[in-house]
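Taking it in order: structure first as structure tokens, then the write-up.
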Amino acid sequence: MTSVQVDQQHDGNEAADSASGEGYHRALGARQIQMIAIGGAIGTGLFLGAGKGISIAGPSLILAYAIAGLVIFFIMRALGELLMYRPVSGSFSEYAREFIGPFAGFATGWTYWLFWVVTGITEVTAAATYMTYWWDIPQWLSALVFTVILYGANLISVKLFGELEFWFSMVKVTAIVGMILICAGILTLGFSDAGATASVTHLWDLGGFFAGDDGIFSTLMTLQMVMFAFLAVELVGVTAGESKDPKTVLPKAINTVPWRIAVFYVGALIMILSVVPWTAFKPGVSPFVEAFERMGLGVGAAIVNFVVLTAALSSCNSGMYSTGRMLRDLALNGQGPKVFTKLTRSGTPLVGTTVSAALMMVGVWINYQWPGDAFNYVVSFATISGMWAWIVILICQIRYRRKADRGELPQSSFKAPGGIWFSVFSLAFIGMVIVTMGMDKDNRVALYGAPVWGLVLAVSYLVLKARNPEGAAFAKRS
């Protein structure tokens with residue numbers, strides 16, 4: 001049952017049954033959803049990207065992660081309110097279609113699909129690069145093997161996807177918790193090569209807390225990197241239609257966001273920067289690797305390489321999962337080719353996942369043949385397209401809450417705190433991040449690409465609408 005096929009008045013039973021109407025199987029349990037939620041907030045943006053952020057902003061990067069993490073929590077609570085109103089697969093485009101309009105649903109679905117295709121391209125290529133740490137094998141061969149394995153796992157069943165994501169996330173969580181415990185031991189017991197110099201005073205003694213060249217402004221300029229690290233945290237919303245008990249599991253998963261960010265980002269960085277002076281970190285070098293080396297733990301580089309490999313495969317796995325479902329949601333609503341509606345016997349979107357996987361492989365080949373700045377610009381565009389989903393979530397929550405408060409729609413059982421005001425604040429924060437991207441010459445080109453993509457979407461939408469002007473997919477919701 002899609003948003004085109006249902007009336008706006010949804011009761012709890014209809015919401016709970018929506019996934020079965022779409023043909024999906026509710027096979028994701030609480031254990032898997034929790035780990036998908038945790039793993040979505042931990043990726044290469046932390047394991048690798050934090051090094052550049054530390055070199056720019058110094059210890060104040062901790063504050064950037066804390067503030068951005070609070071905004072992410074507001075976004076997730078806004079999403080949670082919508083999910084408990086109506087849990088559906090392809091949630092972002094479904095809610096955009098209902099609360100903003102048919103073009104918004106069309107644009108959101110295709111933009112989120114593009115985000116994951118581009119992310120999949122970069123992550124599977126990165127995973128292939130990490131493999132060269134252990135074996136001297138062609139990059140394209142590793143990329144091919146990883147893509148085929150993840151593609152097969154996603155076609156077999158959603159449960160297998162959930163299991164893979166569970167163990168990928170478990171590796172990432174274990175690595176960060178282990179690092180925190182080691183650092184805590186060094187600070188209290190003084191062992192390892194870093195024991196004699198480790199001190200929490202590193203957080204403010206070496207040039208102050210805002211130690212970047214431009215003080216607080218340097219901290220603001222890291223927000224785009226920080227927000228990139230949080231991309232994919234919203235993936236738990238895509239799993240709504242395949243969760244065994246969405247009204248119980250999803251709120252619990254969303255409410256873990258604050259402690260996840262507090263431990264895995266803020267806590268980890270506090271510990272690392274207390275043991276190793278922030279001046280020791282450089283762009284392009286994982287702060288985890290650098291910290292292990294400073295501690296005299298040579299095995300650390302191999303451990304972190306394995307963890308980063310796992311993070312890349314986790315992201316690619318998530319991309320395989322979400323792209324097929326977004327394409328199917330668009331097709332069900334008449335805003336994509338009907339061939340994407342086909343499901344396997346196990347309830348997975350065959351054609352959409354296959355097309356997306358094929359495009360990821362083309363991207364790997366392009367990246368192998370023509371590496372350079374052009375590909376990096378595409379990656380920065382992925383950040384813009386990923387944040388678009390957050391903007392849509394916030395706008396939809398604001399419009400839903402207003403309708404619910406007027407009695408036009410049923411109230412959600414999981415209301416976002418602060419009503420609409422935290423969503424308004426979050427939108428303003430995202431706007432500020434986009435402005436900082438425009439001030440950075442390395443990321444500015446992504447802002448040029450966004451209008452081009454918008455134009456492509458607008459033309460495509462008008463062509464589809466012209467072919468079927470009376471179609472329900474293009475009708476305004478009353």
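In what follows, every heavy atom counts, from backbone to side chain, and hydrogens, waters and symmetry copies are set aside.
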Is it true that W388 and T108 share a donor-acceptor pair across their side chains at a distance under 3.5 Å? yes
For Y265 and F230, take the angle between the two ring planes, folded into 0 to 90°, and tell me which bin it lands in: parallel under 30, tilted 30 to 60, perpendicular over 60. tilted
How about T132 and Q139: does a side-chain donor come under 3.5 Å of a side-chain acceptor? no
Check: residues 59-80 side-chain donor-acceptor pairs under 3.5 Å, at least two apart:
residue	atom	partner	partner atom	Å
S60	OG	A57	O	2.7
S60	OG	T219	OG1	2.7
R77	NH1	N255	OD1	3.3
R77	NH2	K415	O	2.5

Would a distance-only check, ignoring hydrogens and angles, find a side-chain to backbone donor-acceptor pair under 3.5 Å from S314 to T310? no
If we ignore hydrogens and angles and just use 3.5 Å, is the side chain of S93 paired with the main-chain N or O of G105 as donor and acceptor? no
Under 3.5 Å: donor-acceptor pair, side chain of E81, backbone of F414: no
Can you find a heavy atom in the side chain of I272 that is under 4.5 Å from one in the side chain of F281? yes
Nearest 0.5 Å please: distance from the CE atom of M179 over to the CG atom of L269. 10.5 Å
What I want to find out is whether E290 reaches K282 closely enough, with some N-O distance under 4.0 Å, to be called a salt bridge. no
What distance do F288 atom CZ and N305 atom CG have between them, rounded to the nearest 0.5 Å? 14.0 Å
For the pair S55 (side chain) and K52 (backbone), establish whether a donor and an acceptor sit closer than 3.5 Å, ignoring hydrogens and angles. yes
Would you call the rings of Y112 and F92 parallel, tilted or perpendicular, taking 30° and 60° as the class edges? perpendicular
Would a distance-only check, ignoring hydrogens and angles, find a side-chain to backbone donor-acceptor pair under 3.5 Å from S169 to E165? yes
Any donor and acceptor pair, going by atom type alone, linking the side chain of S192 with main-chain N or O of A194 inside 3.5 Å? yes
Test: salt bridge (charged side-chain N to carboxylate O under 4.0 Å, His left out). Region: residues 130-146. Which pairs qualify, not counting sequence neighbours? none
Student check: side-chain heavy atoms of V276 and F292 closer than 4.5 Å: no
Donor-acceptor check, side chain of T341 to backbone of K338, threshold 3.5 angstrom: yes or no? yes
Are any of the side-chain heavy atoms of E94 and N333 separated by less than 4.5 Å? yes
Show, in sequence, the C-alpha distance, side-chain angles and deciding distance for L114 and T323, and conclude whether the side chain to side chain contact (heavy atoms under 4.5 Å, CB included) test is met. CA-CA 8 Å; L114 176 67; T323 50; over 6 Å; no
In I434, T436, V433, T222, the residue satisfying side-chain contact (heavy atoms from CB on, under 4.5 Å) with M227 is V433
Between R325 and Y321 (side chain of the first, backbone of the second, donor and acceptor by atom type, cut-off under 3.5 Å), is there such a pair? yes
Check whether any side-chain heavy atom of Y151 sits under 4.5 Å from a side-chain heavy atom of T354, and report yes or no. yes
Looking at side-chain heavy atoms only, is the closest gap between D329 and Q335 below 4.5 Å? no
Between Y130 and Y133, is the ring-ring contact (aromatic ring centres under 6.0 Å, His included) condition met? List the steps. CA-CA 6 Å; Y130 301 146; Y133 179 87; 9.7 Å; no
Do the side chains of W259 and F264 get nearer than 4.5 Å, heavy atoms only? yes
I'd like to check W110 versus M326 (side-chain heavy atoms, cut-off strictly below 4.5 Å). Are they in contact? no
Is any side-chain heavy atom of W116 closer than 4.5 Å to a side-chain heavy atom of E123? no
Measuring from F168:CZ to C316:SG, what's the distance to the nearest 0.5 Å? 9.0 Å
